[in-house]
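In the text below, chain A, chain B and the rest are named by the order of the sequence lines, each starting its count at 1. Remember, predicted model here, so these are calculated numbers, not experimental data.
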Amino acid sequence: MPVRIQTEDFDIGREIAALRAANTKVGAVASFIGTVRDVNDGNAVATLTLEHYPGMTEKALEDIVAEARSRWRIIDATVIHRVGELKPLDQIVLVVVVGEHRGDAFAACEFLMDYLKTRAPFWKKEQTPEGSRWVDARGSDDIAAERWVKPKQDVA
Amino acid sequence: MPVRIQTEDFDIGREIAALRAANTKVGAVASFIGTVRDVNDGNAVATLTLEHYPGMTEKALEDIVAEARSRWRIIDATVIHRVGELKPLDQIVLVVVVGEHRGDAFAACEFLMDYLKTRAPFWKKEQTPEGSRWVDARGSDDIAAERWVKPKQDVA
Amino acid sequence: MIKVLYFAKLREDLGKASEELALPGGVTTVAGLRAHLMARGATWQSALEQGRALRVAVNHEMAEPGTPVHAGDEVAFFPPVTGG
Amino acid sequence: MIKVLYFAKLREDLGKASEELALPGGVTTVAGLRAHLMARGATWQSALEQGRALRVAVNHEMAEPGTPVHAGDEVAFFPPVTGG
């Protein structure tokens, strides 16, 4: 399964090994891990709670992976996103893309993260010493995702 | 040490953990592994021998890491390149970049690989059933590296 | 009947995670359903009147104000996503 | 004296990994040293006459034909790199 939503932690080495074992043509492995920082907007973060929309989340991530496969020459990909309670320094998200060559693997990996950030239904709530608050969406994430939008084709 | 040339294999999980342990501000970990494919230009590859230029290799890689640090807002980076005899499916090269945000980490990681491919003094020789041959440099690697060349600044 | 879901801050503001309701007469789109829910009172009015900061999905696909809503659909209202 | 190194296919073609030699009279640049080495005979001529497919480093830095060469320098000749 290329897409997993789980409360448990993940191991990048094991996930890369699984993708590589399935295909000996792999020459390039691009990956990304997002982690909980211990400071956000200047406030110390005690814990983070990740809520999601079961059913839609899996579909959204599978659609994003299918889109990456259609745009770049890649061999396979894994996306893991954790939900529930997380602490500072915990891992949140993992994207691994394997391909024959590095250019397509890098592009697809960055695309998956940018689209996941703006299209997959996850929400973060921070618990700080001053109380809890929902994390605001970042304009920079919308800008990052916009880069990948293809110009609309004219239909003749 | 951010740059290592070694005959031994490496463990991406351990390298990421070391970089993260050194800095709690990390929110983004971008990484790349290059591996030995079992086919190159249509020929089965038995083993690969990696030669390098001791002394210059370390300097070239350190210069590339310093250049990445000057261009992007990253926290730290590790580059490991293996030399000596390698078999199909072996890992060859690892680049890990940690930063606060993913855009800079991704860009620096891809830049490090592109520059390493064209500027670090390593040479690959393949042993195939038909004999051994030095691997030709790829024009696509020069093109990939060219993307990062800044236009020369006019000095007023 | 349709199923309506609320997530994150919206769920907290409304004190409700989901409900089933008969598709109200005259409601044929996302915009129509939103207007119908806002008419429930001040809490609903302010929670759903967040302008562009509100997102809607119909049957697990991101939707627009003009997206049709039919009996049997699952419609979800939520704030902009913040995963990753 | 200067130290001259040869790598990869060039090392094999020349049958030599390194040598120390007195900086030849009149040689002040990479291009001058290359011409001096090519004058050693057919093997050297063909190995070093690979046009742009030859790379040169002086003291561990990539060099151009016009890069100066001084006594005490380490000069390396090699094919385009193929690591990564």
Side-chain angles (χ1 to χ4, degrees), chain A residues 9-17 19-21 23-40 44-45 48 75 88-114 116-117 138 140-141 143-145 147, chain B residues 9-17 19-21 23-40 44-45 48 75 88-114 116-117 138 140-141 143-145 147:
Chain A
D9 200 8
F10 52 77
D11 179 328
I12 187 174
R14 186 177 315 172
E15 299 303 331
I16 289 174
L19 279 178
R20 293 190 59 205
N23 203 306
T24 57
K25 278 185 158 173
V26 169
V29 182
S31 54
F32 181 83
I33 297 171
T35 63
V36 184
R37 283 174 296 156
D38 59 356
V39 171
N40 197 14
V45 178
L48 200 62
I75 293 173
L89 305 187
D90 277 353
Q91 304 187 112
I92 304 174
V93 61
L94 171 70
V95 173
V96 181
V97 176
V98 293
E100 290 186 55
H101 300 293
R102 73 186 183 285
D104 283 0
F106 269 121
C109 188
E110 189 164 13
F111 166 86
L112 286 170
M113 275 305 304
D114 285 349
L116 180 159
K117 278 265 182 186
R138 287 161 31 116
S140 59
D141 286 330
I143 293 164
R147 291 182 302 156
Chain B
D9 200 8
F10 51 78
D11 178 329
I12 187 174
R14 187 178 313 172
E15 298 304 331
I16 289 173
L19 279 178
R20 293 191 59 205
N23 203 306
T24 59
K25 277 187 160 173
V26 170
V29 183
S31 53
F32 181 84
I33 298 172
T35 62
V36 184
R37 283 175 296 156
D38 58 357
V39 172
N40 197 13
V45 177
L48 200 63
I75 293 173
L89 306 187
D90 277 354
Q91 303 187 113
I92 303 175
V93 61
L94 172 70
V95 174
V96 180
V97 176
V98 293
E100 290 186 55
H101 299 293
R102 73 186 184 286
D104 283 1
F106 269 121
C109 188
E110 189 164 14
F111 167 86
L112 286 171
M113 275 305 304
D114 285 348
L116 179 159
K117 278 265 181 185
R138 286 161 32 115
S140 60
D141 287 330
I143 293 164
R147 291 182 302 156

By a 4.5 Å heavy-atom criterion (distance strictly below it), what part of A:Arg14 contacts chain B: side chain, backbone, both, or neither? neither
Contact part of B:Arg147 toward chain A, heavy-atom cut-off under 4.5 Å: side chain, backbone, both or neither? neither
Need one label for B:Ile92: side chain, backbone, both or neither, based on atoms under 4.5 Å from any heavy atom in chain A. neither
Max heavy-atom pair count under 4.5 Å with chain B, selected residue of [options]:
{"options": "A:Ala144, A:Gly13, A:Ala30", "answer": "A:Ala30"}
{"options": "A:Val29, A:Val93, A:Asp11", "answer": "A:Val29"}
{"options": "A:Gln91, A:Glu100, A:Glu110", "answer": "A:Glu110"}

Check for a donor-acceptor pair, side chain of B:Thr35 on one end and backbone N or O of A:Val26 on the other, with a separation under 3.5 Å. yes
Which of B:Ile12, B:Thr24, B:Val97 touches chain A most, by non-hydrogen pairs under 4.5 Å: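 So the answer, after comparing B:Ile12, B:Thr24, B:Val97, is B:Thr24.
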Best-contacting candidate, B:Val96, B:Asp141, B:Val98, B:Val36, against chain A by heavy atom pairs under 4.5 angstrom: B:Asp141
Closest non-hydrogen atom pair between B:Arg37 and A:Lys25, with its separation: CD-O, 3.1 Å
If I compare all heavy atoms of A:Leu89 with all of B:Arg20, which pair ends up nearest, and what's the gap? O-NH2, 2.5 Å
Mind checking whether B:Cys109 and A:Phe32 have side chains closer than 4.5 Å, heavy atoms only?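 In short, these two side chains do not touch, never coming nearer than 4.5 Å.
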